[in-house]
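Along the sequence shown, residues are numbered consecutively beginning with 1. Worth knowing before you read on, the calculation uses all heavy atoms, side chains too, and leaves out hydrogens, waters and symmetry mates.
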Amino acid sequence: MKRIAFAALAALAATSASAADMAASNYTKAPAMAAVASWTGFYAGLNVGYGFNDPVATFTANDVVSNSIIGNVGTAASPVAYDVKGVLGGAQAGYNWQVSPNWLIGFEADFQGSDIKGSAASPYAVIGRPGQIEAQQNVEWFGTLRARAGLLATSKLLVYGTGGFAYGSVREDSILSNTIGFTAVAGGGGVSAVCAAAAACYTGPTTKILTGYAVGGGFEYATWRNVSLKAEYLYVNLGSSNITSTAPATPGTTASTIGTHFSDLDFHVVRVGANYHF
């Protein structure tokens with residue numbers, strides 16, 4: 001009887017040990033989650049945004065005729081402030097160096113197509129008839145070449161500042177018109193202006209490349225593998241410029257002119273974008 005009880009206990013112990021071995025062999029520890037890849041490397045992407053600000057244009061009479069039209073040599077018609085604003089979009093590319101677990105440096109270049117533009121007019125009068133001189137600016141495209149430095153707040157979130165060189169193609173004009181037509185000649189026939197009624201008289205369309213600087217900052221977040229999303233603010237300053245508007249002249253005389261000084265063409269840019277990391 002004792003031998004039977006002992007055999008039963010031995011069989012039970014063997015069964016328990018076998019079950020424990022089976023449970024141990026069937027259990028597999030979950031693998032650790034893969035670490036976020038390094039930010040070091042090249043990247044490229046696209047962006048879209050909006051630009052805006054309010055520069056000032058100042059008009060100056062350059063001779064006796066233009067002074068007689070818009071008044072006071074050296075001051076001319078009143079300066080005008082105007083809004084420049086519009087959408088923009090383009091591409092960026094750059095390189096990151098993750099110099100430590102929490103810090104990153106790099107560089108970025110971008111190129112933007114732009115619809116940032118604006119205009120405003122200053123009134124004047126000739127023989128009591130109203131007219132105006134209008135300043136126009138249109139940023140056709142611009143680009144920047146900037147350094148970047150940032151803090152990795154988490155392995156996926158980059159907070160950065162940026163600054164560097166900016167350049168852009170800007171179309172400018174200053175157009176004088178009046179409700180009456182007139183011909184003005186001064187200086188013994190040396191300077192003249194021939195203006196038709198209700199039409200542009202003095203004009204000075206000019207397209208030039210302006211240069212300056214850009215500074216700002218933003219956030220970039222690594223979403224999927226190799227892809228990040230960003231939001232960015234830039235202050236872009238392309239500097240001031242001057243143009244000359246010229247009137248039609250009578251034969252044998254010098255055409256009358258008006259000068260326009262545009263203050264710094266600076267604008268704020270807010271944009272969002274996406275980058276692919278190679």
Side-chain angles (χ1 to χ4, degrees), residues 48-62 66-67 69-90 111-126 129-144 166-179 193 195-216 232-247 256-271:
V48 64
Y50 193 78
F52 58 94
N53 209 359
D54 53 351
V56 175
T58 304
F59 310 105
T60 303
N62 290 338
S66 58
N67 180 62
I69 297 171
I70 60 175
N72 298 333
V73 171
T75 58
S78 300
V80 290
Y82 54 97
D83 292 334
V84 291
K85 56 188 176 181
V87 298
L88 56 96
F111 187 85
Q112 309 293 133
S114 166
D115 191 42
I116 299 173
K117 59 187 176 182
S119 64
S122 180
Y124 72 94
V126 174
R129 300 295 180 91
Q132 67 176 25
I133 180 167
E134 181 183 24
Q136 303 174 347
Q137 277 189 314
N138 179 8
V139 182
E140 298 177 319
W141 54 260
F142 70 95
T144 70
Y167 60 97
S169 175
V170 181
R171 178 178 171 81
E172 299 172 325
D173 202 354
S174 183
I175 304 170
L176 180 142
S177 60
N178 196 272
T179 56
C195 296
C201 181
Y202 289 75
T203 60
T206 305
T207 299
K208 59 181 71 175
I209 302 297
L210 300 180
T211 60
Y213 64 92
V215 294
E232 185 176 72
Y233 164 80
L234 284 181
Y235 170 77
V236 180
N237 189 316
L238 296 178
S240 62
S241 66
N242 297 283
I243 65 170
T244 299
S245 298
T246 305
S256 175
T257 63
I258 293 172
T260 302
H261 173 75
F262 294 93
S263 67
D264 282 3
L265 178 54
D266 57 345
F267 48 93
H268 307 281
V269 172
V270 288
R271 59 188 179 183

field: Check: Gly204 main-chain N/O paired with Thr206 side-chain donor or acceptor under 3.5 Å
entry: yes
message: With a 3.5 Å distance limit and no angle check, can you tell me whether Asn237 reaches the backbone of Gly212 through a side-chain donor-acceptor pair?
response: no
message: Return the CD1 to CG distance between Ile209 and Leu238, rounded to the nearest 0.5 Å.
response: 10.0 Å
- request: Would you please test Asp266 and Tyr235 for side chain to side chain contact (heavy atoms under 4.5 Å, CB included) and show each step?
  value: CA-CA 7 Å; Asp266 57 345; Tyr235 170 77; 2.8 Å; yes
statement: In short, Val84 meets Pro55 closest at the heavy-atom pair CG2-CD, 3.7 Å
Validation row: Ser174, Ile243 side chains within 4.5 angstrom (heavy atoms): yes
task: Would you please say whether a donor-acceptor pair under 3.5 Å links the side chains of Glu172 and Ser241?
output: yes
query: Is there a donor-acceptor contact under 3.5 Å from the side chain of Ser66 to the main chain of Ser256?
result: no
message: Any heavy-atom pair between the side chains of Leu210 and Phe262 that's under 4.5 Å?
response: no
- prompt: Which heavy atom of Arg171 sits nearest a heavy atom of Pro205, and at what distance?
  reply: NH2-CB, 3.6 Å
- prompt: Relative to the ring of Tyr167, is the ring of Phe111 parallel (under 30°), tilted (30 to 60°) or perpendicular (over 60°)?
  reply: tilted
- request: Give, for atom CG of Asp115 and atom CG of Asn138, the distance between the pair rounded to the nearest 0.5 Å.
  value: 6.5 Å
field: Separation of Asn178 CG from Ile70 CD1 (nearest 0.5 Å)
entry: 12.0 Å
- prompt: What's the spacing between Leu234 CG and Thr144 OG1 if we round to 0.5 Å?
  reply: 6.0 Å
- prompt: What is the minimum heavy-atom distance between Pro79 and Val56, and which atoms define it?
  reply: CB-CG1, 4.2 Å
- request: Only pairs at least two apart or in different chains count here, so list each salt bridge (charged side-chain N to carboxylate O under 4.0 Å, His left out) that has a residue in residues 232-242.
  value: Arg146-Glu232, Lys230-Glu232, Glu232-Arg271
- prompt: What's the shortest heavy-atom distance between Ile116 and Gly51, and which atoms?
  reply: CD1-CA, 3.9 Å
Value rounded to 0.5 Å, distance of OH in Tyr202 from OG1 in Thr244: 12.0 Å
Partner set under ring pair (Phe, Tyr, Trp, His ring centres under 6.0 Å) for Tyr50, not counting sequence neighbours: none
message: In terms of relative ring orientation, are Phe142 and Phe267 parallel, tilted or perpendicular, with 30° and 60° separating the classes?
response: perpendicular
statement: Looking only at heavy atoms, the pair that brings Gly259 and Asn62 closest together is N-ND2, 3.3 Å
- request: State, to 0.1 Å, how close Glu134 and Ser119 come at their nearest heavy-atom pair, and which atoms those are.
  value: OE2-OG, 3.4 Å
Gap separating the CG atom of Asp173 from the OG1 atom of Thr207, nearest 0.5 angstrom: 9.5 Å
message: Between Asp54 and Tyr82 (side chain of the first, backbone of the second, donor and acceptor by atom type, cut-off under 3.5 Å), is there such a pair?
response: no
- request: State whether the side chain of Ser122 and the backbone N or O of Ser78 hold a donor-acceptor pair below 3.5 Å, judged by distance alone.
  value: yes
field: Distance flag, aromatic centroids of Tyr124 and Phe59, threshold under 6.0 Å
entry: no
